[in-house]
**Q** 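Take this structure, written in structure tokens, and hold onto it; I'll ask about it next.
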Amino acid sequence: MKEIREAGTWKEERSIITPQRPHIEVVDGESGLPRPSLNLCANNYLGLADHPEVIDAACQAMREYGFGMASVRFICGTQDLHRKLEECISKFLGTGDTILYSSCFDANGGLFETLLGPADAILTDELNHASIIDGVRLARARRRIFKHADMSDLRLGLDETKDARIRLIVTDGVFSMQGDLANLPEICRLAGEKGALVVVDDSHATGFVGPGGRGTPEHFGVQSGVDIITSTLGKALGGGTGGFASGRAEIIALLRQRSRPYLFSNSIAPPIAGGALKALEIVQREPERLENLRRNTSFFREAMTQRGFSISPGGHPIVPIVLGDEKLTVRAARELRERGVFVVGFTYPVVPKGKARIRVQISAAHIREDLETAVRLFSEVVSPTGQSHPSGPQGI
Ligand SMILES: *Cc1c(COP(=O)(O)O)cnc(C)c1O
């Protein structure tokens, strides 16, 4: 623990005393008093976490179906509500069937070992989410890590694993620490050429990336080339909890028989299922939310760029502001919080050593004034060039 503290990577949790939304109140560590803050680090991309209709639907589901199931799905934990949510997700994504898990972490944990054995091979991007890394470790298949977004390394990996029975390529749809999208057109093309399967974890895309919010396969128009999508209900779709895997009916049927986090962990709670169903309905009913999110994102990206910050290009609401040094990043984030902008410094092991950053996440629920305030405070606290700022603390 001493080493972690000395490295500047100790993570403090801060208590929020309001629902999740753009304007929250956070208990100050020193004074113990709540501080009104502009929240720039939630995965609440569509602003559905405190949406009155989502809350009502969750309450309604709880009244009708109870608080919890006290059972796994296959014993006595399946309600028609669970099936309804699975069917709605399948319809939304255009897949054959969907299986719910307690989290996307579990969806990834239960995927690879169920489908693959020692005769098979997994090709995995080096920056994939921790849950994919762990899921891949559990499988007895051969593992080939390819360099981040490096399609020639992926091709090489496919050639090296020619003799495998099944080859499966797995990638994040959106990489959470950078906000960059996987090159799905090329991945799907290579998979088609080499006869491999494609798995996309679309946790940072489901509900808001693509013209209809159906995620990165829709964004790139390669829905038919993706075999399995894993994703979360814990981000844009209300941010409650829960995850799923979605794909061809036969694959999902096998997961229901053999996937360990599904067989050995409780059903998702009725209010969660009810709230998520409503969130999906709102996404499809109110395309203006997606439009707002896009407008907000391009406004913030452009305004920050104009102030001299170098931001990796793209249109995703994840906007990383890389400062490099761990302690400097933690200090800058703290100063921003003290001035009422709630952001967190990301340090090792969440990002590589020396690549510390403040990750901003834009929401459809932010208003223009929120974003203007954020840009102004960022330029007051953080020098874009990384040199010490006249008005800021030394080195920030
Ligand atoms: C957030 C995230 C997860 C975990 O989702 P939970 O439902 O919170 O477990 C998995 N994969 C990716 C890519 C994520 O961003």
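In each ligand, atom 1 is the first atom listed, and ligand 1 is the first ligand listed. Hydrogens, waters and symmetry mates are skipped; everything else that's a heavy atom, side chains included, is used.
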**Q** Identify, for atom 11 (N) of ligand 1, the protein heavy atom at the shortest distance, and state residue, atom and that distance.
**A**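 I find the closest protein heavy atom is Asp201 OD2, 2.5 Å.
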**Q** Establish, yes or no, whether a centroid distance under 6.0 Å links the rings of Phe208 and His219.
**A**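 Ring centroids of Phe208 and His219 are no less than 6.0 Å from each other.
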**Q** Between Asn292 and Arg295, does any side-chain donor sit less than 3.5 Å from a side-chain acceptor?
**A**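 Indeed, the side chains of Asn292 and Arg295 share at least one donor-acceptor pair under 3.5 Å.
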**Q** What residue among Leu184, Val170, Val222, Asp172 forms side-chain contact (heavy atoms from CB on, under 4.5 Å) with Val200?
**A**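 Of Leu184, Val170, Val222, Asp172, side-chain contact (heavy atoms from CB on, under 4.5 Å) with Val200 is met by Leu184 alone.
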**Q** Quick test of your reading of the model: are Asp120 and Arg167 salt-bridged, counting only N-O distances below 4.0 Å?
**A**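 Not counted as a salt bridge, because no side-chain N and carboxylate O are separated by less than 4.0 Å.
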**Q** Between His148 and Phe175, does the ring centre distance come in under 6.0 Å?
**A**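 That pair passes the under 6.0 Å test.
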**Q** How far is atom 9 (O) of ligand 1 from the closest protein heavy atom, and which atom is that?
**A**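 I find the closest protein heavy atom is Phe105 N, 3.0 Å.
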**Q** Considering the heavy atoms of Gly242, write down every atom of ligand 1 situated less than 4.0 Å from one of them.
**A**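 Result: 7 (O).
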**Q** Taking N or O atoms only and a 3.5 Å limit, does Lys235 qualify as a polar contact for ligand 1?
**A**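 So ligand 1 has an N or O lying under 3.5 Å from an N or O of Lys235.
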**Q** Any sub-3.5 Å donor-acceptor pair from Ser71's side-chain atoms to Cys76's backbone N or O?
**A**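 Checked: pair present.
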**Q** Got an N/O contact under 3.5 Å between Gly234 and ligand 1?
**A**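 N/O-N/O distance below 3.5 Å does not exist for this pair.
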**Q** Report yes if some N/O of Cys104 lies less than 3.5 Å from some N/O of ligand 1; otherwise report no.
**A**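 Yes - when backbone and side-chain N and O of Cys104 are compared with those of ligand 1, one distance drops under 3.5 Å.
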**Q** Within 45° of the axis and under 6.0 Å from the centre of the six-membered ring of Phe378, does NZ or CZ of Arg307 qualify?
**A**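 No.
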**Q** Does Thr78 reach the main-chain N or O of Arg73 with its side chain, forming a donor-acceptor pair under 3.5 Å?
**A**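 It does hold such a pair.
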**Q** Looking at Ser131, which atoms of ligand 1 are within less than 4.0 Å of one of its heavy atoms?
**A**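 Counting atoms of ligand 1 from 1, those under 4.0 Å from Ser131 are 10 (C), 11 (N).
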**Q** Nearest protein heavy atom to atom 8 (O) of ligand 1, by residue and atom, and its distance?
**A**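 For atom 8 (O) of ligand 1, the nearest protein heavy atom is Thr232 OG1, 4.1 Å.
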**Q** Run the contact test for Gly243 against ligand 1 with a 4.0 Å cut-off on heavy atoms, strictly below, and give the result.
**A**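 Gly243 does not count as a contact of ligand 1 under the 4.0 Å cut-off.
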**Q** Just checking, any donor-acceptor pair under 3.5 angstrom between side chains of Thr171 and Asp125?
**A**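 Not at all, the side chains of Thr171 and Asp125 share no donor-acceptor pair under 3.5 Å.
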**Q** I need the nearest protein heavy-atom contact for atom 3 (C) of ligand 1: residue, atom name and distance, please.
**A**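 Checked against all protein heavy atoms, atom 3 (C) of ligand 1 sits closest to His129 CE1, 3.4 Å.
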**Q** Counting only nitrogen or oxygen atoms and a 3.5 angstrom limit, does Ser176 reach ligand 1?
**A**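 Between Ser176 and ligand 1 (N or O atoms, distance only) the closest approach is not under 3.5 Å.
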**Q** Distance under 4.0 Å to a non-hydrogen atom of His204: what atoms of ligand 1 satisfy this?
**A**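 So the atoms of ligand 1 that pass are 15 (O).
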**Q** Check for me whether Ser102 has a heavy atom closer than 4.0 Å to any atom of ligand 1.
**A**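 In this structure, Ser102 fails to qualify as a contact of ligand 1 - no heavy atom is under 4.0 Å.
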